[in-house]
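Let me begin by presenting the structure, written as structure tokens, before commenting on it.
Read the numbers this way: they start at 1 and go in the same order the structure lists the ligands and their atoms.
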Amino acid sequence: MASITEAEIREIVKKIVSSSVGADLLGYTSTQYNGRKLIGVYSDMNEAIDAAERGYKAVRAMTVEQREKIIDEIRRLTREEAPIMAKMGVEETGMGKIEHKRLKHILVADKTPGTEDIVSEARTGDNGLTLTEMAPFGVVGAITPSTNPSETVICNSIGMIAAGNGVVFNPHPNAICVSNYAVDLVNRASAIAGGPEVLVCSMDKPTLDSAAIMQSHPKIRLLVCTGGPGVVKAVLSSGKKAIGAGAGNPPVIVDDTADIKKAGKDIIDGCTFDNNLPCIAEKEVFAFDSIADELIAEMKKNGAYLITKEQADKLVPIVLNEKTGKNGKTVKVVSRDCVGRDADVILAKIGVKVGKDVRCIICETDFMHDFVQHELMMPILPIVRVHNIEEAIDLAVKAEHGNRHTAHMHSKNIDRLSAFAKAVETTIFVKNAPSYAGIGFGGEGHTTFTIAGPTGEGITSARSFTRKRRCVMADNFRII
Ligand code: NAD
């Protein structure tokens with residue numbers, strides 16, 4: 001009997017999920033969950049934008065205290081329903097780890113800033129008082145990824161509502177059920193807290209066409225795009241104010257002063273979090289030759305499986321598919337059948353059978369290897385040996401490809417740490433910790449799932465979605 005491939009199974013599941021039959025088999029589609037219609041989901045982008053505008057008007061009419069009540073309710077429901085969204089996210093996309101996705105939702109609920117992030121400035125002098133306030137843009141058009149789908153919808157919603165905006169989402173088609181579940185969650189929270197029934201909106205079948213309508217619609221005042229280079233470029237060319245949170249390829253340097261035991265554990269913990277889906281996760285390592293063997297041994301103790309150069313080369317055409325680009329040149333793109341998959345599933349593709357205790361595939365490569373050069377978003381970690389800090393920084397900066405997204409370093413030498421941080425110019429730089437410390441998970445500071453490097457907002461929060469307005473009262477209103 002002919003066996004069915006993983007890709008064919010995924011295609012069947014996708015069809016089931018997007019059909020009404022899916023309701024019976026999995027309990028949900030992009031418009032309903034267990035027979036309950038999801039609130040705020042539309043078939044027409046123009047209608048969704050009109051509804052988001054009504055949501056915006058309702059938010060504008062609210063006090064800040066009322067907005068904060070809705071946000072508190074979003075946090076509560078997110079904590080409560082994190083296990084549902086985590087399971088659904090893995091089921092629908094076939095990517096990531098349920099427990100890690102649950103933790104990501106809790107992080108969003110606990111550490112996404114609310115209205116406290118919106119602060120006003122007052123300036124007084126001989127000529128009176130000038131007040132600067134952070135005002136909403138209006139209706140925000142948000143594009144969200146498949147890698148952190150519901151996490152991004154909830155994180156964006158909290159920040160955008162805190163800032164007083166309305167939001168319409170055009171979520172990733174491959175994660176539409178869980179994204180719309182999150183949209184519905186925000187709307188349920190609004191209703192419970194006395195807000196409008198439809199506060200944020202989405203599409204039942206988002207497409208590039210619906211994204212294009214959103215990008216050119218006169219009611220959309222701000223575009224916020226979280227995704228790969230293609231989509232970020234598209235929104236930045238829209239002629240509207242846009243926030244672009246794009247791709248990364250975070251390098252890690254480990255030098256000969258580092259705590260190698262800790263570095264080995266931290267790197268594998270960070271690299272395997274949600275099977276490497278977070279854009280901040282460790283993607284390639286530059287290790288001093290003198291400590292590389294010890295580092296590899298520590299990584300193996302923490303669930304890494306070392307493959308040979310030949311095995312790595314055999315994996316390349318499996319995880320990277322050749323496609324003809326727009327200019328007729330051949331380009332390599334990551335295989336969606338491998339992104340976010342478990343290490344044992346990827347290893348099985350080259351005939352290596354291991355158990356679920358293997359969390360990560362590691363291999364020694366040279367700098368030009370495809371595993372170093374491409375953002376794989378799966379638990380495969382290439383290790384390149386270097387001889388000194390100059391070589392390490394030079395190669396790590398090149399591997400980051402000027403994304404200026406995220407970089408990591410394990411070292412106790414502050415001169416070297418500073419030198420790499422300066423040279424790589426990334427939005428996030430994590431020293432001696434797993435990558436997720438950079439978004440507030442085991443590190444200080446707030447969280448976000450929209451890290452806007454290209455447009456400079458950085459670790460976005462409510463204030464990123466505001467415009468500054470000034471009110472001048474000349475010659476008066478001083479109290480001294
Ligand atoms: P993707 O780029 O495939 O898709 C993102 C979204 O854009 C989807 O909704 C998709 O349908 C839409 N889209 C794609 N092309 C478009 C176009 N031309 N016009 C309008 N919409 C378009 O993203 P993905 O695979 O889900 O996510 C992975 C990528 O996103 C990685 O490169 C990752 O680094 C990046 N990412 C970045 C951040 C960040 O905060 N900087 C966060 C998550 C993901």
| message | Tell me if a side-chain donor or acceptor on S190 pairs with a main-chain N or O of P196 at a distance below 3.5 Å. | response | yes

| task | Could you tell me which atoms of ligand 1, counted from 1 in the order shown, lie closer than 4.0 angstrom to a heavy atom of T450? | result | 40 (O)

| query | Do D204 and S43 have side-chain atoms, one donor and one acceptor, less than 3.5 Å apart? | reply | yes

| Numbering as shown, the atoms of ligand 1 that approach P145 to under 4.0 Å (heavy-atom distance) | 26 (O), 27 (O), 43 (C)

| Atoms in ligand 1 with a heavy atom of G248 nearer than 4.0 Å | 34 (O)

| Any idea which part of P171 is under 4.0 Å from ligand 1, heavy-atom wise: side chain, backbone, both or neither? | backbone

| remark: If you scan protein heavy atoms around atom 38 (C) of ligand 1, the nearest is C279 SG, 3.2 Å

| query | How far is atom 11 (O) of ligand 1 from its nearest protein heavy atom, and which residue and atom is that? | reply | P173 CD, 3.2 Å

| said: Distance under 4.0 Å to a non-hydrogen atom of M377: what atoms of ligand 1 satisfy this? | reply: 28 (C), 31 (C)

| field | Carboxylate-amine/guanidinium proximity below 4.0 Å for E457 and K241 | value | yes

| Is the shortest N/O to N/O distance between G246 and ligand 1 below 3.5 Å? | yes

| message | If I compare all heavy atoms of N165 with all of F137, which pair ends up nearest, and what's the gap? | response | OD1-N, 2.7 Å

| If you measure only the distance, is there a donor-acceptor pair under 3.5 Å linking the side chains of N275 and D342? | yes

| Would D117 and S461 count as having a side-chain donor-acceptor pair, cut-off 3.5 Å? | yes

| query | Do any nitrogen or oxygen atoms of T226 come within less than 3.5 Å of a nitrogen or oxygen of ligand 1? | reply | no

| request: Examine G227 against ligand 1 and note whether any of their N/O atoms are separated by less than 3.5 Å. | output: yes

| task | Provide, to 0.1 Å, the distance between atom 4 (O) of ligand 1 and the closest protein heavy atom, together with that atom's residue and name. | result | H172 CD2, 3.3 Å

| Protein contact of atom 40 (O) of ligand 1 - nearest heavy atom, named by residue and atom, plus distance | I451 N, 2.7 Å

| field | Exercise: do Y305 and Q311 side chains pair donor with acceptor under 3.5 Å | value | no

| said: With heavy-atom distances below 4.0 Å as the criterion, list the atoms of ligand 1 near Q215. | reply: 20 (C)

| task | Provide, to 0.1 Å, the distance between atom 44 (C) of ligand 1 and the closest protein heavy atom, together with that atom's residue and name. | result | T147 OG1, 3.7 Å

| task | Could you check whether the rings of Y33 and Y181 sit parallel, tilted or perpendicular, using 30° and 60° as the cut-offs? | result | perpendicular

| query | Can you tell me the protein heavy atom closest to atom 34 (O) of ligand 1 and the distance? | reply | E375 OE2, 2.5 Å

| said: Can you confirm, on distance only, whether ligand 1 has an N/O atom lying under 3.5 Å from any N/O atom belonging to A247? | reply: no

| request: Could you tell me whether R188 and E81 have a side-chain N and a carboxylate O separated by less than 4.0 Å? | output: yes

| field | Subset of ligand 1 atoms that lie under 4.0 Å from at least one heavy atom of H405 | value | 39 (C), 41 (N)

| task | State whether a side-chain donor-acceptor pair under 3.5 Å links N432 with S411. | result | no

| said: Considering both backbone and side-chain atoms of G228, is one of its nitrogen or oxygen atoms within less than 3.5 Å of a nitrogen or oxygen in ligand 1? | reply: yes

| message | Less than 4.0 Å is my threshold; does some heavy atom of K233 fall inside it relative to ligand 1? | response | no

| What residue and heavy atom of the protein are closest to atom 16 (C) of ligand 1, and at what distance? | L208 CD2, 3.1 Å

| Quick one: side chain to side chain donor-acceptor pair (under 3.5 Å) pairs with a partner in residues 140-152, sequence neighbours left out? | K104-N148, K104-E151, H105-S150

| T330 and E322: side-chain donor and acceptor closer than 3.5 Å? | no

| Counting each atom of ligand 1 from 1 as listed, which ones have a heavy atom of T144 under 4.0 Å away? | 6 (C), 8 (C), 9 (O)

| query | Any heavy atom of N170 sitting closer than 4.0 Å to ligand 1? | reply | yes

| request: Select one of side chain, backbone, both or neither to describe which atoms of A234 lie under 4.0 Å from any atom of ligand 1, heavy atoms only. | output: side chain

| Which atom names give the shortest non-hydrogen contact between D50 and K219, and what distance separates them? | OD1-NZ, 2.7 Å

| query | Can you tell which part of A211 has a heavy atom less than 4.0 Å from ligand 1: side chain, backbone, both or neither? | reply | side chain

| query | Going by atom types only, do H408 and D266 share a side-chain donor-acceptor pair under 3.5 Å? | reply | no

| query | Tell me: protein heavy atom nearest atom 25 (O) of ligand 1, and distance? | reply | R336 NH2, 2.8 Å

| field | Presence of salt bridge, D184 and R36, under 4.0 angstrom | value | yes

| Are any of the N/O atoms in N148 less than 3.5 Å from those in ligand 1? | no

| Is M214 near ligand 1, meaning one of its heavy atoms is under 4.0 Å from it? | no

| said: Other residues, nucleotides and ligands only: do more than 12 of their heavy atoms fall within 6.0 Å of CD on E197? | reply: no

